[in-house]
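The structure appears below as structure tokens.
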Amino acid sequence: MTNVPNVKLNNGVEIPQFGLGVYKMKEKSEFMEAIKWAFEAGYRHIDTAAYYGNEEWLGEAIKESGIDRKDLFITSKLWNSEHGYEETKAAFEKTMKKLDLDYLDLYLIHWPTANYVESYKAMEELYKAGRIKAIGVSNFQIHHLEDLMSQTEVVPAVDQVETHPYFQQDELRTFLKANGIAHEAWGPLGQGKNTILTNEVLTTIAENHNKSVAQVILRWHIQRDTIVFPKSVHQQRLAENIDIFDFELSNDEMNQIKQLETGERFATSPDDEEFLKASAQKKID
Ligand SMILES: NC(=O)c1ccc[n+]([C@@H]2O[C@H](COP(=O)([O-])OP(=O)(O)OC[C@H]3O[C@@H](n4cnc5c(N)ncnc54)[C@H](OP(=O)(O)O)[C@@H]3O)[C@@H](O)[C@H]2O)c1
């Protein structure tokens with residue numbers, strides 16, 4: 001029913017290249033409806049995090065859907081205030097209890113706050129025990145990855161970082177490719193900010209293909225081998241976002257989009273120590 005391709009991670013696990021992100025879905029009714037529409041439209045990969053506060057609803061939605069567990073790919077993330085070896089194990093159990101699942105497909109360190117090596121070592125153990133199918137990181141810069149990989153055994157399966165046509169992450173991408181780490185894009189639509197969805201170049205390309213700008217951006221990610229999970233709570237947009245597997249951007253169009261790089265993030269830098277420290281104090285339930 002769905003033509004979303006799978007990407008093979010560095011340990012052989014397959015992840016659907018397209019899914020749904022559920023950040024900022026704070027109302028239960030809105031969340032349950034969005035997930036139901038997404039499943040109906042063929043989404044099988046959901047990206048959540050302990051920080052998003054909706055793991056429990058996701059567990060419920062999965063049960064209600066009746067979809068086979070093995071046909072779903074579920075990611076969650078360790079929050080910044082729960083770092084450390086024992087703390088990570090406890091946080092993982094809390095996540096699993098909320099999701100009410102036997103295993104997790106992918107578990108990520110949400111941000112590179114202090115202690116990420118100890119946290120990752122706990123994740124390695126959970127991975128080796130079969131509780132998690134793949135482990136990885138998010139918001140890690142090259143220097144964080146080098147530091148982590150020099151002190152741990154399992155090469156992260158993915159790095160999930162802010163990526164969109166205005167911030168393409170080319171240097172990090174090259175590093176990830178060279179090290180067999182898959183690139184996941186968060187904020188793939190630039191979170192709808194800074195007029196990205198009305199950009200002239202993207203609008204012209206979209207008109208040429210009879211597609212929306214959002215579809216062109218998502219297709220660009222797919223053709224760069226990036227894994228994406230745009231967030232939407234609207235049925236029409238959920239259907240629109242997954243409808244990107246029946247057209248192809250030409251090399252020339254890919255090159256035009258390449259020129260849109262601004263070198264500037266929309267969101268917080270992973271090297272912002274003040275943010276990392278403050279967020280590590282932010283307790284979650
Ligand atoms: N690891 C991290 O630190 C991190 C950080 C941020 C996000 N993430 C993950 O990445 C996922 C996606 O990123 P994101 O949610 O920040 O941003 P995004 O997916 O780039 O953009 C979401 C925004 O775009 C709107 N939108 C969605 N589809 C649209 C369409 N077809 N046309 C016009 N507007 C559209 C949504 O509004 P409506 O909902 O109103 O449709 C929402 O405001 C998150 O949900 C989360 O899972 C991870």
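In what follows, residues are counted from 1 in the order of the sequence shown. Here the structure is a predicted model, which means the values were calculated and not measured. Atoms within each ligand, like the ligands themselves, are counted from 1 in listed order.
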Taking the six-membered ring of Y103, is the NZ or CZ of R69 close enough (under 6.0 Å from the centre) and on axis enough (within 45°)? yes
Going by distance only, is there an N or O of [X] that falls short of 3.5 Å from an N or O of ligand 1?
X	value
A214	no
A185	no
S138	yes
P188	yes

Once the angle between the rings of [X] and [Y] is folded into 0 to 90°, is it parallel (under 30°), tilted (30 to 60°) or perpendicular (over 60°)?
X	Y	value
Y23	Y51	tilted
Y166	F266	perpendicular
Y116	H144	perpendicular

Give the residue and atom name of whichever protein heavy atom lies nearest to [atom], and the separation in Å to one decimal.
atom	value
atom 3 (O) of ligand 1	N139 ND2, 2.9 Å
atom 16 (O) of ligand 1	Q191 NE2, 2.7 Å
atom 28 (N) of ligand 1	N241 ND2, 3.0 Å
atom 46 (C) of ligand 1	Y52 OH, 3.4 Å
atom 19 (O) of ligand 1	K231 N, 3.0 Å
atom 47 (O) of ligand 1	D47 OD2, 2.7 Å
atom 40 (O) of ligand 1	H234 CE1, 3.0 Å
atom 44 (C) of ligand 1	Y23 CB, 3.5 Å

If we only count heavy atoms from C-beta on, is the [X] to [Y] side-chain gap below 4.5 Å?
X	Y	answer
W220	I205	no
E253	E248	no
D225	V7	no
E40	Q235	yes
I284	E82	yes
H110	N80	yes
T163	R173	no

Listing, residues 57-64 side-chain donor-acceptor contacts under 3.5 Å, not counting sequence neighbours, or none:
unit_1	atom_1	unit_2	atom_2	d
E60	OE1	K28	NZ	2.9
E60	OE2	K28	NZ	3.0
K63	NZ	D100	OD2	2.7

Going by the order shown, which atoms of ligand 1 are within less than 4.0 Å of some heavy atom of [X]?
X	value
P230	19 (O)
G21	11 (C), 44 (C), 45 (O), 47 (O)
Q160	1 (N), 2 (C), 4 (C), 8 (N), 9 (C), 48 (C)
G190	20 (O)
H110	1 (N), 2 (C), 3 (O)
V233	38 (P), 39 (O), 41 (O)

With side-chain hydrogen bond (donor to acceptor under 3.5 Å, both in side chains) as the criterion, how do E87 and N115 come out once you've worked through the C-alpha distance, each side chain's angles and the decisive distance to 0.1 Å? CA-CA 11 Å; E87 292 85 344; N115 249 353; 6.0 Å; no
Under 4.0 angstrom from ligand 1, any heavy atom of S212? no
So for S232 against ligand 1, with non-hydrogen atoms under 4.0 Å, the contacting part is both
Residue portion contacting ligand 1 (non-hydrogen atoms closer than 4.0 Å) for L197: side chain
Candidate with minimal heavy-atom separation from atom 2 (C) of ligand 1, of W186, F229, Y51: W186
On a heavy-atom basis, I'd like to know which of R237, E240, E184 is closest to atom 26 (N) of ligand 1. R237
Hydrogens and angles aside, do E125 and Y85 bring a side-chain donor and acceptor to less than 3.5 Å of each other? yes
